[in-house]
Amino acid sequence: MDHRLHLYYGYGKGKTTASLGLTLRALGAGKKVAFVQFDKGADPGHENYSERKILRSLPGLALHPFGLNRVLGPDAFRFKNEPGDFEEARRALDKSRELVQNGDLFLLVLDEILAAVMCKLVTREDVMGLVDLYDRDRRCELVLTGHQVWPELVDRADLVTEMRKEKHYFDRKEPSQEGIEF
């Protein structure tokens, strides 16, 4: 079976949601999945991303969240990178490499790896090196999500979907909602 590289990117809502849907479909088919989250940390004992509450309980799924907490309150977010953010991004990249090379998986999702490039936590070269590693032995489907892509990455991908915001209630200053945005 030929495995493919998927990109879900853009500034519209739905990148992580699409990759979670693909994860559920693969798990429903009895396949093994690993889900690596870049820059989506939490404080001990407090979960900022509701999907993790259920993902942790799904047989066949290995969840690997990385990152420091950036959520400061219901409508407050830390944007400035701290030294620990870079360390966590490096750990996520190392785990991703390990799973690409040695994982016994059907699907590997690298959630927000492209956003980590945009935030300068990892580089384009890091991502392209990971794609090079993947192309040597495509052992699984590989999904990359985040805000921005670049021509060399698009050229290497087999499926590219852009999530484009046309209208969003955030523009009306409406707060995020648990179960929808997090």
Side-chain angles (χ1 to χ4, degrees), residues 1-10 12-71 74 77 84-85 87-117 119 121-122 126-127 130-131 133-134 137-147 149 157-163 176-182:
M1 166 184 268
D2 292 332
H3 291 292
R4 294 165 298 255
L5 173 59
H6 306 231
L7 305 178
Y8 301 121
Y9 82 98
K13 182 171 171 33
K15 298 170 293 292
T16 297
T17 306
S19 64
L20 287 168
L22 194 58
T23 295
L24 290 176
R25 183 171 286 160
L27 292 171
K31 308 293 186 180
K32 290 172 74 173
V33 178
F35 204 97
V36 178
Q37 291 181 307
F38 281 73
D39 204 30
K40 284 191 168 179
D43 288 331
H46 179 75
E47 188 58 79
N48 294 322
Y49 303 95
S50 297
E51 67 268 14
R52 288 188 198 159
K53 296 171 188 172
I54 193 78
L55 290 176
R56 286 185 186 2
S57 70
L58 297 175
L61 177 70
L63 178 63
H64 303 283
F66 293 93
L68 300 180
N69 190 18
R70 288 185 179 267
V71 178
F77 194 78
D85 294 315
E87 181 181 322
E88 283 291 297
R90 192 61 39 199
R91 288 182 56 228
L93 201 56
D94 290 345
K95 175 53 88 172
S96 300
R97 284 189 193 105
E98 173 192 324
L99 291 168
V100 164
Q101 283 184 297
N102 306 315
D104 179 22
L105 304 167
F106 174 75
L107 174 65
L108 172 58
V109 176
L110 305 182
D111 187 39
E112 300 295 0
I113 189 170
L114 302 175
V117 172
C119 294
L121 295 174
V122 300
D126 291 328
V127 174
L130 194 59
V131 171
L133 192 60
Y134 174 71
D137 181 13
R138 289 188 169 207
R139 307 163 62 97
C140 62
E141 297 286 303
L142 179 61
V143 174
L144 310 181
T145 75
H147 296 297
V149 293
D158 300 294
L159 182 148
V160 180
T161 300
E162 180 183 8
M163 309 295 189
S176 56
Q177 183 179 353
E178 184 176 16
I180 301 296
E181 280 79 37
F182 63 93

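Side chains are part of it too, since the values below use all heavy atoms of this structure and drop only hydrogens, waters and symmetry mates. Since the structure is predicted, the reported quantities are computational estimates derived from the model, not experimental observations.
Residues Asp126 and Arg90 meet the side-chain proximity criterion, which asks for heavy atoms closer than 4.5 Å. Between His6 and Thr161 the shortest side-chain heavy-atom distance does not fall below 4.5 Å. Residues Leu130 and Ile113 have side chains in contact (heavy-atom distance under 4.5 Å, counting atoms from C-beta outward). With contacts defined as side-chain heavy-atom distances shorter than 4.5 Å, the pair Glu51/Gln37 qualifies. In this structure, the side chains of Arg138 and Asp158 come closer than 4.5 Å at one or more pairs of heavy atoms. The side-chain heavy atoms of Phe38 and Glu88, taken from C-beta on, include no pair separated by under 4.5 Å. Between Leu144 and Tyr9 there is no side-chain heavy-atom pair separated by less than 4.5 Å. Looking at heavy atoms from C-beta onward, His64 lies in side-chain contact with Leu99 at the 4.5 angstrom threshold.
Rounded to the nearest 0.5 angstrom, Asp39 CG and Leu68 CG are separated by 8.0 Å. Taking CZ of Phe35 as the start and CG of Leu61 as the end, the distance is 8.0 Å to the nearest 0.5 Å. Considering CD of Glu141 and NE2 of His3, their distance stands at 6.0 Å, rounded to 0.5 Å. Note that CG of Leu108 is 11.0 Å distant from CZ of Arg139, once rounded to the nearest 0.5 Å.
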Worksheet entry | Test log, rule salt bridge (Lys or Arg N to Asp or Glu O under 4.0 Å), inputs Asp94 and Arg91 | CA-CA 5 Å; Asp94 290 345; Arg91 288 182 56 228; over 6 Å; no
Worksheet item: Is there a side-chain contact (heavy atoms from CB on, under 4.5 Å) between Glu112 and Thr16 once you walk through the steps?
Response: CA-CA 8 Å; Glu112 300 295 0; Thr16 297; 3.7 Å; yes
Practice prompt. Evaluate the side-chain contact (heavy atoms from CB on, under 4.5 Å) criterion for residues Tyr8 and Leu159: first the C-alpha distance (whole Å), next the side-chain angles of each, then the deciding distance (0.1 Å), finally the verdict.
Written response: CA-CA 8 Å; Tyr8 301 121; Leu159 182 148; 3.8 Å; yes
Worksheet item: Passes side-chain contact (heavy atoms from CB on, under 4.5 Å), Leu114 versus His147? Steps please.
Response: CA-CA 6 Å; Leu114 302 175; His147 296 297; over 6 Å; no
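Heavy atoms only, all atoms of each residue included: Tyr134 and Cys140 are closest at OH-O, 2.6 Å. Considering every non-hydrogen atom in both Ile54 and Ser57, the closest pair reads O-OG, 2.7 Å. Between Met163 and Ala18, the shortest heavy-atom distance links the atoms CE-CB, 3.8 Å.
Applying the salt bridge (Lys or Arg N to Asp or Glu O under 4.0 Å) test to Asp85 and every residue at least two apart in sequence or in another chain returns Arg70, Arg78.
Val109 pairs in a side-chain contact (heavy atoms from CB on, under 4.5 Å) with only one of the listed residues (Leu63, Val36, Leu142, Val143), which is Val143.
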Quiz: residues 20-33 side-chain donor-acceptor pairs under 3.5 angstrom, not counting sequence neighbours:
from: Thr23; atom 1: OG1; to: Ser19; atom 2: O; distance (Å): 2.8
from: Lys32; atom 1: NZ; to: Asp104; atom 2: OD2; distance (Å): 3.4

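Sorted by first and then second residue, the salt bridge (charged side-chain N to carboxylate O under 4.0 Å, His left out) pairs involving residues 56-67 (not counting sequence neighbours) are Glu47-Arg56.
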